[in-house]
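All figures in this text were calculated on a predicted structure; none of them were measured in a lab. Proteins get letters first, then strands, A, B, ... in listed order; numbering begins at 1 in each.
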Amino acid sequence: MRWTQALIPTLKEAPAEAEILSHKLLLRAGLLRKLASGVYTFLPLGLRALRKVEQIVREEMDRAGALEILMPALQPPEIWQQSGRYETARDVLYKVRDNSKREWVLGPTHEEVVTTLAAGELGSYRLLPKNFYQIQVKFRDEIRPRFGLMRAREFIMKDAYSFDTTDEGAMASYRKMYDAYSRIFERCGLKTFPVEADTGVIGGSHSHEFMVPAETGENDVVYCEACGYAANIEKATSGIPRTAARELGAAVEKFPTPGVVTIAALSKAPHAVPANRQIKTLVYLADSKPMLVLIRGDDQLNETKLMARTGAAQVRPADVANPADLAHFHALGAMPGSLGAVAKVPADWPVLADERLRGANDMTTGANEDGFHFRHVSLERDIRVTHWHDLRTVTAGEPCAKCAKALKIRRAIEVGHVFKLGTKYSEKLGALFVDVDGARKPCVMGCYGIGVTRTLQAVIEQCNDADGIIWPLAVAPYAVCLTPLVVAPDSAVMQLAEKIYAALTAAGVDVILDDRDERPGVKFKDADLVGFPIRVGLGEKSLAKGEVELKPRGGAITFVKAEEAVAAVLKALGR
RNA sequence: CGGGACGUAGCGUAGCUUGGUAGCGCGCUUGCUUGGGGUGCAAGAGGUCGUGAGUUCAAAUCUCACCGUCCCGACCA
């Protein structure tokens, strides 16, 4: 490609819409343009890089035995109603109506479609196992799109779905995908690490996310450098000890605490009850049903864990500002700040307590009477706990549950996610097969996603310097940029450039010839900004010595004989 | 949805407090110049000042509503 025939609109300054570095570089290097919030056009260079990522994904999925298909983005709402996600996923579903008023859903993911396909086509164990994948546009009505391609309304995803006859088979499929993902990200030049993950609304029992460490990521990952434990903070646990038990002793005693409505306030004089001797009592609604959640005063509730433990599709804290929720506080007899689980708890309310409180006594908690608290409370003796769960959020420095070394927490970008789904969708959508024994059984499923557009941006986030992008060779839009500093067609410099251009093109190298009549500085700056892995500089000075320059992006210049330039480039490309 | 900021030429911005001819840099066009890290000079094109109401003799500037964009939170398959 000749630069003058391409469209590479580089920018000296980043548009104000971009906040993080990778987003700025996407815009400045002329890869991407925004049409609307969370909706983007890929310019030629951006598309080339995207295609490179897609191709790596495709090759590794094929190698893992998956079959590429292409499913529709436009989907009938009926299958979503069948799976139950028409309701549970309604917040992210784009719904459209055609001219005859029939409703459609723009696919945010494809479990429903692929399971419907399997229901029709995979009727015998002889056809199993199968793994279908596609690389396709997804639509999600994100509450807040942000950071360019990181969280967009419309984005490209590789999604795969495996169908097995047995649980063991499904685990083998899962393992294959896990291994394929490791190879995919490695080939993309990305440093990723897998972490244990929550399975969320999608359901399932086993799940890992592939994370790219980055301060701009939207996930917190808990990890242990000593033993390798790593988990999304939504899922992570630690070996932190339970609350120290004291002698059972005194009976519950009510005491006045006028105006004290926070853990912090109660921990100060005159009461001076340390936060770790307090019970935080929260009113939560799980699918609209009220419950009490008990957490130690110095801990934070992990809502994802709460959702997982209750099995609810939606959990939210009761809100004093919401008139409909006030009844729940009235039922307890107090407002937040004085809530407790000792007295006046309606008999049909579940009381969920965090494991860290198990066996704790001599604790202080609200009395369900505004302005009063109870002291000398024993969890076992004084509170009707209906469920004990791990509900707290891990914090940095806590001992690892496996090896007791201090845990660390870092931010990361989720680029891939593998799930073992089980039979949730195959049962609901009728993906049954006839087994050897003649019995009809639901397929055991797995699903596996890679955010392709997000991965592309993650590469930029990880591979850059002050001058611009530093593309890993495997995903660079062009591997080589030829930079003649004289572009007159009859000049020796340009004629040599044309010769090298022709030879590299013939060798199948992705090469761009910067034939613009621009000053050297402009060409160098643009080449650095766009981030071509190798730049070949051709100028009169070096050519007088019979040499051209080879400059790897971010590396030092080397000089090679002009007649050896093509071979040197091929060698630098590892070919 | 709650909190905050912003909307002036393709991009970045000044002007708004105190109402009165819309300015600068980059980019773009033309000419000359320069020619190894975003040359220099000159001339030029390009603006519904987000949209709509209102106040006023007069609104980019003041008021209200709406739309859009971004950030924090909530949410997130």
Side-chain angles (χ1 to χ4, degrees), chain A residues 9-20 23-24 27-28 30 33-39 80 83-85 88-93 107-112 138-148 150-153 155 157 159 161 197-204 207 209 216 218-219 232 234 303-304 307-308 313-317 319 321-322 414 416-419 421 424-425 446-451 454 466-468 483-488 491 493 514 516-529 535 537-544 548-549 551 557:
Chain A
T10 56
L11 302 171
K12 283 189 183 174
E13 291 176 291
E17 73 194 48
E19 184 77 7
I20 68 173
H23 188 192
K24 288 178 179 169
L27 298 169
R28 286 193 56 212
R33 288 293 182 265
K34 184 179 72 172
L35 177 63
S37 177
V39 180
W80 286 83
S83 72
R85 290 206 294 182
T88 57
R90 68 174 177 274
D91 289 347
V92 300
L93 276 185
T109 176
H110 282 71
E111 280 82 9
E112 282 77 5
K138 307 287 190 214
F139 298 89
R140 293 186 189 179
D141 190 355
E142 291 289 347
I143 298 169
R144 181 148 89 90
R146 59 175 142 183
F147 300 154
M150 287 298 185
R151 179 168 295 275
R153 296 188 147 98
F155 60 97
M157 187 177 191
D159 45 328
Y161 307 89
D198 178 67
T199 50
V201 177
I202 200 165
S207 174
E209 291 165 338
T216 53
E218 297 186 79
N219 297 84
N232 192 310
E234 297 175 341
E303 286 194 3
T304 306
M307 191 176 317
Q314 227 179 7
V315 300
R316 64 173 181 85
D319 181 3
N322 181 341
E414 177 193 347
H417 203 159
V418 293
F419 277 100
L421 275 180
K424 175 179 169 181
Y425 292 93
C447 71
Y448 318 94
I450 289 178
R454 183 185 283 182
D467 291 317
T483 310
L485 302 184
V486 180
V487 295
S491 64
V493 167
D514 189 353
R516 293 177 298 170
D517 185 12
E518 286 286 356
R519 294 175 55 84
V522 172
K523 294 189 171 196
F524 294 151
K525 286 287 185 190
D526 272 349
D528 286 348
L529 176 58
R535 196 189 77 214
L538 303 100
E540 286 175 325
K541 285 181 190 169
S542 49
L543 196 54
V548 300
E549 301 163 10
K551 185 178 181 303
I557 291 180

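Within the 4.5 Å cutoff, side-chain heavy atoms of Trp80(A) are placed close to those of Pro108(A). Taking the side chain as every heavy atom from C-beta outward, Glu111(A) and Ser83(A) never approach each other to under 4.5 Å.
In this entry C66(B) has G50(B) as its Watson-Crick or G-U wobble partner, both defining distances falling under 3.5 Å. Across all strands shown, U18(B) forms no Watson-Crick or G-U wobble pair with both key distances under 3.5 Å. In this entry G44(B) has C28(B) as its Watson-Crick or G-U wobble partner, both defining distances falling under 3.5 Å.
A distance of about 25 Å separates the C1' atoms of G12(B) and U30(B), rounded to the whole Å. Across A22(B) and A9(B), the matching C1' atoms stand 11 Å from one another, rounded to whole Å. Taking the P atom of each, G7(B) and C16(B) are spaced 13 Å apart, rounded to whole Å. Between C62(B) and U17(B), the distance separating the two C1' atoms is 11 Å to the nearest Å. To the nearest whole angstrom, the two C1' atoms, one in G38(B) and one in A5(B), are 32 Å apart. Between A14(B) and C1(B), the distance separating the two C1' atoms is 35 Å to the nearest Å.
As judged by a 4.0 angstrom heavy-atom cut-off over every strand, Asp517(A) is placed among the base-contacting residues. Within the nucleic acid shown, Lys34(A) comes within 4.0 Å of sugar-phosphate atoms alone, with no base atom in reach, counting heavy atoms only. Among the atoms of the strands shown, none is found under 4.0 Å from any heavy atom of Tyr448(A). Contact annotation for Leu485(A): base contact, defined as any heavy-atom pair under 4.0 Å involving a base atom. As judged by a 4.0 angstrom heavy-atom cut-off over every strand, Arg33(A) is placed among residues making no nucleic acid contact. Residue contacts for Ala18(A): at a heavy-atom cut-off of 4.0 Å it reaches no nucleic acid atom on any strand shown. At the heavy-atom level, Asp528(A) lies under 4.0 Å from base atoms of the strands shown. Counting non-hydrogen atoms under 4.0 angstrom, Glu303(A) reaches the backbone sugars and phosphates but no base. Residue Arg316(A) is classed as having no contact, given no heavy-atom separation below 4.0 Å to the nucleic acid. Residue contacts for Pro108(A): at a heavy-atom cut-off of 4.0 Å it reaches a base atom on one of the strands shown.
Across G38(B), G12(B), G35(B), the shortest atom-to-atom separation from the side chain of Asp526(A) is found for G38(B). Picking from G37(B), U69(B), C26(B) the nucleotide with the shortest atom distance to the side chain of Phe524(A) gives G37(B). Closest to the side chain of Pro15(A), from the set U39(B), C71(B), G12(B), is G12(B). With G36(B), G38(B), G12(B) as the choices, the nucleotide that has an atom nearest any side-chain atom of Leu529(A) turns out to be G38(B).
Mapping Arg535(A) and Leu93(A) onto RNA chain B by nearest heavy atom places Arg535(A) at the nucleotide closer to the 5' end. The nearest heavy atom of RNA chain B to Leu35(A) and to Asp467(A) marks one nucleotide each, and the one closer to the 5' end goes with Asp467(A).
Counted within 6.0 Å of CD on Glu540(A), heavy atoms from surrounding residues, nucleotides or ligands total 12 or fewer; the atom is thus considered open.
The heavy-atom pair separating His23(A) from Glu17(A) by the smallest distance is CE1-O, 3.8 Å.
An OP1 or OP2 oxygen of G27(B) is reached within less than 4.0 angstrom by a side-chain nitrogen or oxygen of Lys12(A).
Salt-bridge annotation for Arg146(A) and Glu218(A): present, with a side-chain N of the basic residue lying under 4.0 Å from a carboxylate O of the acidic one.
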